[in-house]
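Input: a single structure, listed below in C-alpha cells.
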2 protein chains.
Amino acid sequence: MPDTRPKRTRTFEDVLAQLERRIADDGLTAGDRLPAERQLAEELGVSRSSVREAMRVLETLGVVTSQVGRGPDAGAVLISRPDHTLTDLLRLHLGLASLEPREVIDTRLMIERWAAARAASAAADTSALAVALAGMDAARSAEEFVEHDTAFHCAIADASGNRLIAAFMRSLRDSMRRHAVEAVEQLGDTTVLRAGHVRILAAIRAADPEEAARAVADHLADAYPSLF
Amino acid sequence: MPDTRPKRTRTFEDVLAQLERRIADDGLTAGDRLPAERQLAEELGVSRSSVREAMRVLETLGVVTSQVGRGPDAGAVLISRPDHTLTDLLRLHLGLASLEPREVIDTRLMIERWAAARAASAAADTSALAVALAGMDAARSAEEFVEHDTAFHCAIADASGNRLIAAFMRSLRDSMRRHAVEAVEQLGDTTVLRAGHVRILAAIRAADPEEAARAVADHLADAYPSLF
DNA sequence: CGTTCCTCTATGGTCTGACCATACTGTGGT
DNA sequence: ACCACAGTATGGTCAGACCATAGAGGAACG
C-alpha cells in the first residue's frame with residue numbers, strides 16, 4: 001500500500017483534471033470554446049455548481065473567459081492571460097504582509113535588467129518605447145506620468161521576446177502602481193527619470209546589453225531612492 | 001464619455017473585493033480565520049454559491065485553505081502559498097502552447113543567476129545546499145536525482161532571502177520536472193552536474209557573487225545542452 | 001430580394017434549500 | 001479522571017429554479 005494518504009479529491013478538482021486532460025488531448029489553444037456548463041455537468045456526471053467552481057479556477061488562472069448570451073463568442077472560451085492572475089497574486093500576498101515591497105522591487109530590478117539586456121542583444125523593435133517616452137513628456141499629472149512610465153517599462157519586457165517575463169513585469173508594475181505614483185510625487189522633478197529612460201532606450205538601440213542593464217539599474221535607483 | 005463600458009460586476013467578484021478589503025482593514029495575516037461561508041453569505045447579502053466561488057478564487061491564488069469539520073482549524077484559514085498557484089499557472093499555459101519551454105528555461109536561468117549572486121553577497125546559510133548535494137550523490141535513479149537536484153536549486157533561491165523569487169523558482173522547477181528527468185536520463189553521467197553544484201556552492205561560500213552567477217550559467221548550459 | 005423587427009433559445013449568473021461527511025464540543029455516565 | 005456518545009458547525013455537493021443577455025431565426029414589410 002504505497003498510498004496511505006486518503007487525500008480526498010473534491011469534485012471540482014476532478015472536473016479541473018478532466019478539463020485539463022481534454023485541453024491537452026484535443027490540442028485546444030486560445031480561441032477554442034469549451035462545452036457549456038450544463039453540458040459539461042451532464043457529461044461528467046456532476047452538478048453544475050462543481051463545474052462552475054472549476055471554471056472559476058480556470059478563469060482565475062487566466063485560462064478561460066466566460067461570456068453570457070448566445071453565439072460563437074458566448075460560453076467559456078480559452079484564452080492566455082497570465083497577467084491578471086499574477087497581478088492578483090502579488091496584490092493579495094502583499095496585502096497579507098507575506099511579501100515585502102522590497103522583495104517585489106528587487107524582483108522587478110532583476111527582471112528589467114535581464115529584459116533590457118536581452119532586448120539590446122536581439123535588436124528589438126523600440127518604437128513602443130519611443131511612444132511611451134513621448135507620452136511621459138506630455139503627461140500633466142503623476143498618475144498620467146506613471147501610466148506611460150509603466151508602458152515604457154513593459155515595452156522593455158515585451159521587447160525581450162519572453163512572454164512569461166513580460167507578463168511578470170506587467171503584474172509587478174500593476175501591483176506596485178500606488179507606490180509608483182507616490183514615488184513620482186515625492187520626487188517632484190521627473191527630468192532625472194527622463195534622462196534614465198533616454199539612456200536605456202539608447203543602449204537598447206545601440207545593441208549594448210551591459211550598458212542597457214546598467215542603465216536600468218541606475219534608473220531604478222533614481223526612481224526608488226529610499227530603497228537603495 | 002471616457003468610460004462607456006458598463007463592465008458588469010459579478011456577485012462573487014464583489015465578495016472578493018469585500019474579503020480583500022476586510023483582510024486589509026483588519027490586518028489579517030496567515031493563520032487567521034475567515035468567517036464561515038454561510039455567515040459570510042448572510043453578512044454580505046448574497047448566496048452561499050457566490051461566496052463559495054469567491055473562496056475558490058482565493059484558494060486558487062494560494063491565499064486561503066479550507067478545512068471541513070469543526071474547531072479552531074476548520075473553515076477558511078488564511079495562508080500564504082503562491083507556489084501552487086504559479087505551478088498551476090505555468091503548467092496550464094504550457095499545455096495551452098501559449099508558453100514555450102525555452103521561455104521557461106530562460107526565466108529560470110535569469111532567476112537562478114540572480115539568486116546565486118544574492119546568496120553569495122548575503123553570506124547565506126548553505127547547509128540546505130550541502131544536504132541536497134549529499135542526496136544527489138546517494139540517488140539511485142534519475143527521478144531521485146532530480147528530486148534532490150530540485151531541492152538544491154530551490155535552496156539557492158531560498159538563500160537569496162527573497163520569497164517571491166523562491167516561490168517562482170519552485171514553480172518553475174515543478175512545472176519542468178518532466179523535462180528535467182528526461183534531460184538527466186539523456187545525459188547519463190551526472191558527474192559533470194555534480195562538479196557544477198560543487199562549484200556553485202563553493203562560490204556562494206566564498207561570497208563571490210559574480211563567480212556564483214557564472215557557475216550557475218555554466219551549470220545550466222551543462223544540464224540543458226540542447227538549448228544552448 | 002433585402003431589410004427591419006420580434007420572438008425564441010442557449011448561455012452564464014444567481015439564488016434557495018436540501019443532504020452528506022467530517023471533526024470538534026460538550027455532556028453524561030463510569 | 002476518563003471514556004463513550006450525541007450534538008453541531010463546518011465545507012462539499014446536488015437539484016432545481018429564475019434572471020439578464022445576446023445571438024439565431026423567422027415573420028412582416030418595403
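Just so we're on the same page: letters track the sequence lines, and every chain starts at 1.
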Calculate, to the nearest 0.5 Å, the distance between atoms CD1 and CG belonging to B:I165 and B:D158 respectively.
11.5 Å
d(B:L164 CG, A:L89 CG) to nearest 0.5 Å is 8.0 Å
Are [X] and [Y] within salt-bridge range, i.e. N to O under 4.0 Å?
| X | Y | answer |
| --- | --- | --- |
| B:E53 | B:R56 | no |
| A:R118 | B:D106 | yes |
| A:R177 | A:D174 | yes |

So if I take every side-chain heavy atom of A:R48 and compare against D:dG12, D:dA17, D:dT13, which nucleotide ends up nearest?
D:dA17
If the cut-off is 4.0 Å, is A:S50 near the phosphate of D:dC14, judged by side-chain N/O to OP1 or OP2?
yes
Does A:R163 offer a backbone N or O that forms a donor-acceptor pair with the side chain of B:E103 under 3.5 Å?
yes
Under 3.5 Å, side chain of B:H93 to main-chain N/O of A:L61, donor-acceptor pair present?
yes
A:H148-A:H197 aromatic ring centre distance below 6.0 Å
no
List in numerical order all residues of residues 70-82 of chain A for which some heavy atom is under 4.0 Å away from an atom belonging to DNA chain D.
A:R70, A:G71, A:P72
Min and max contacting nt of DNA chain C in 5' to 3' order, chain A heavy atoms within under 4.0 angstrom, are C:dT9 to C:dT14
